[in-house]
2 protein chains.
Amino acid sequence: MAISKDLIRGHTDTIILNILSQGDSYGYQVSKSIRLLSQQQYELNEATLYTAFRRLEKGGAIASYWGDETQGARRKYYTITTSGQQHLTTALQEWGFAKDVISNLITGNLNEGASL
Amino acid sequence: MAISKDLIRGHTDTIILNILSQGDSYGYQVSKSIRLLSQQQYELNEATLYTAFRRLEKGGAIASYWGDETQGARRKYYTITTSGQQHLTTALQEWGFAKDVISNLITGNLNEGASL
DNA sequence: CAAATTACTGTGGTTGTCAAAGTAATTTGC
DNA sequence: GCAAATTACTTTGACAACCACAGTAATTTG
């Protein structure tokens, strides 16, 4: 992984919600989707992923069901709920806003009125 | 504070280094600088700030000295070191890179080749 | 002269993440 | 035909960053 964990921290739930908003999925596949979307720059630890699933399900943002695989390992599928869709929308708005604040905090000059 | 802590996490050190790169400062003033640079959108907890100072000093990115205030409360000033300057440069590069990866992870479409 | 402000420190707790190990089935390679 | 790799999910224990809260101490303002 090329990106420090702490820079992604806080985005895990949003990442999962984004992926699930494009269709039901299960752990292993979500994991691969993350690798794909980040162009191999980021890999989410399994334990972190499943912890996030439990957190999101507990919070009502996603729901789960066991697939009826007649062959292959059992898979637990996750769907995004209406509440989860709203969470995602809010998080995306917050990010659009936060990334400017962060940029300003780490590059901003104090002698320039601190706004640009 | 308008921005969730987890979105800032991992940037604290970089924020402090950016401020110190513009001149020596001390806790309370750094705190105010952060409020200013974020246009009141973010406030760093005191404990977090001083913990970061200790972490950065231990890592050699900053150094400290007590001011010789003839009046007013004593102040511990912090300076950025050469090593700290390099840390800052690296962190800024990583951020320029990471924010695109994050944007792609939280908005990217899996059916579009996952690159744009 | 009390209250607010400036300034620094310490304690204890929460949270997200991770490493490592475990279970169990299927598929691939020799 | 069997070992190794892959798919798939789970649990445990630990850590690092952050925060709330409390404390100390001086100065400034009302």
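Because the structure is a prediction, the values reported are computed rather than measured. Chain identifiers are assigned alphabetically (A, B, ...) following the order of the sequence lines, protein sequences preceding nucleic acid strands; residue numbering begins at 1 within each chain.
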Atom-pair distance ([atom1] on [X]; [atom2] on [N]), nearest Å:
{"X": "A:Ile34", "N": "D:dA8", "atom1": "CD1", "atom2": "P", "value": "15 Å"}
{"X": "A:Trp66", "N": "C:dA25", "atom1": "CH2", "atom2": "P", "value": "13 Å"}
{"X": "B:His11", "N": "D:dC18", "atom1": "NE2", "atom2": "C1'", "value": "14 Å"}
{"X": "A:Ile3", "N": "C:dG16", "atom1": "CD1", "atom2": "C1'", "value": "17 Å"}
{"X": "A:Asn45", "N": "D:dT11", "atom1": "CG", "atom2": "C1'", "value": "13 Å"}
{"X": "B:Asp6", "N": "D:dC18", "atom1": "CG", "atom2": "P", "value": "9 Å"}
{"X": "B:Asp13", "N": "D:dA16", "atom1": "CG", "atom2": "P", "value": "13 Å"}
{"X": "A:Arg35", "N": "D:dA8", "atom1": "CZ", "atom2": "C1'", "value": "13 Å"}

Notebook entry, point to check: Mind checking who D:dA4 pairs with, Watson-Crick or G-U wobble, both distances under 3.5 Å?
Noted result: C:dT27
Notebook entry, point to check: Does A:Arg9 put a side-chain nitrogen or oxygen below 4.0 Å from OP1 or OP2 of C:dT17?
Noted result: no
Notebook entry, point to check: Just to confirm, is there a sub-4.0 Å distance from OP1 or OP2 of D:dA17 to any side-chain nitrogen or oxygen of B:Thr12?
Noted result: no
Next item on the list: Identify the residue among B:Tyr65, B:Tyr78, B:Tyr77 that makes a side-chain hydrogen bond (donor to acceptor under 3.5 Å, both in side chains) with B:Asp24.
Entry: B:Tyr65
Minimum-distance pair of heavy atoms, taken over all atoms of [X] and [Y]:
{"X": "A:Val101", "Y": "B:Ser38", "value": "CG1-CB, 3.8 Å"}
{"X": "B:Ala52", "Y": "B:Asp13", "value": "CB-OD1, 3.9 Å"}
{"X": "B:Ser33", "Y": "B:Ile19", "value": "CB-CD1, 3.8 Å"}
{"X": "A:Ser21", "Y": "A:Asn18", "value": "OG-O, 2.6 Å"}
{"X": "B:Trp66", "Y": "B:Arg75", "value": "CE3-O, 3.3 Å"}
{"X": "B:Phe53", "Y": "B:Ile62", "value": "O-CD1, 3.5 Å"}

Next item on the list: Could you work out which one of D:dC19, C:dT6, C:dG16 sits closest to the side chain of B:Lys5?
Entry: D:dC19
Next item on the list: Give the intermediate values and the outcome of side-chain contact (heavy atoms from CB on, under 4.5 Å) for residues A:Ile15 and A:Leu44.
Entry: CA-CA 10 Å; A:Ile15 292 168; A:Leu44 194 62; over 6 Å; no
Checklist line | Pair of N/O donor and acceptor under 3.5 Å linking D:dC19 base with B:Glu46 side chain | finding: no
Margin query: Can you pull out the residues from residues 15-28 of chain B that lie within a 4.0 Å heavy-atom distance of DNA chain C?
Written below: B:Tyr26, B:Gly27, B:Tyr28
Margin query: Just to be sure I understand the geometry, which residues of residues 47-61 of chain A put a non-hydrogen atom under 4.0 Å away from DNA chain C?
Written below: A:Ala47, A:Thr48, A:Thr51, A:Arg55
Note to self: Using side-chain heavy atoms (C-beta onward) and a distance below 4.5 Å, is B:Gln85 in contact with B:Leu17?
What the structure shows: no
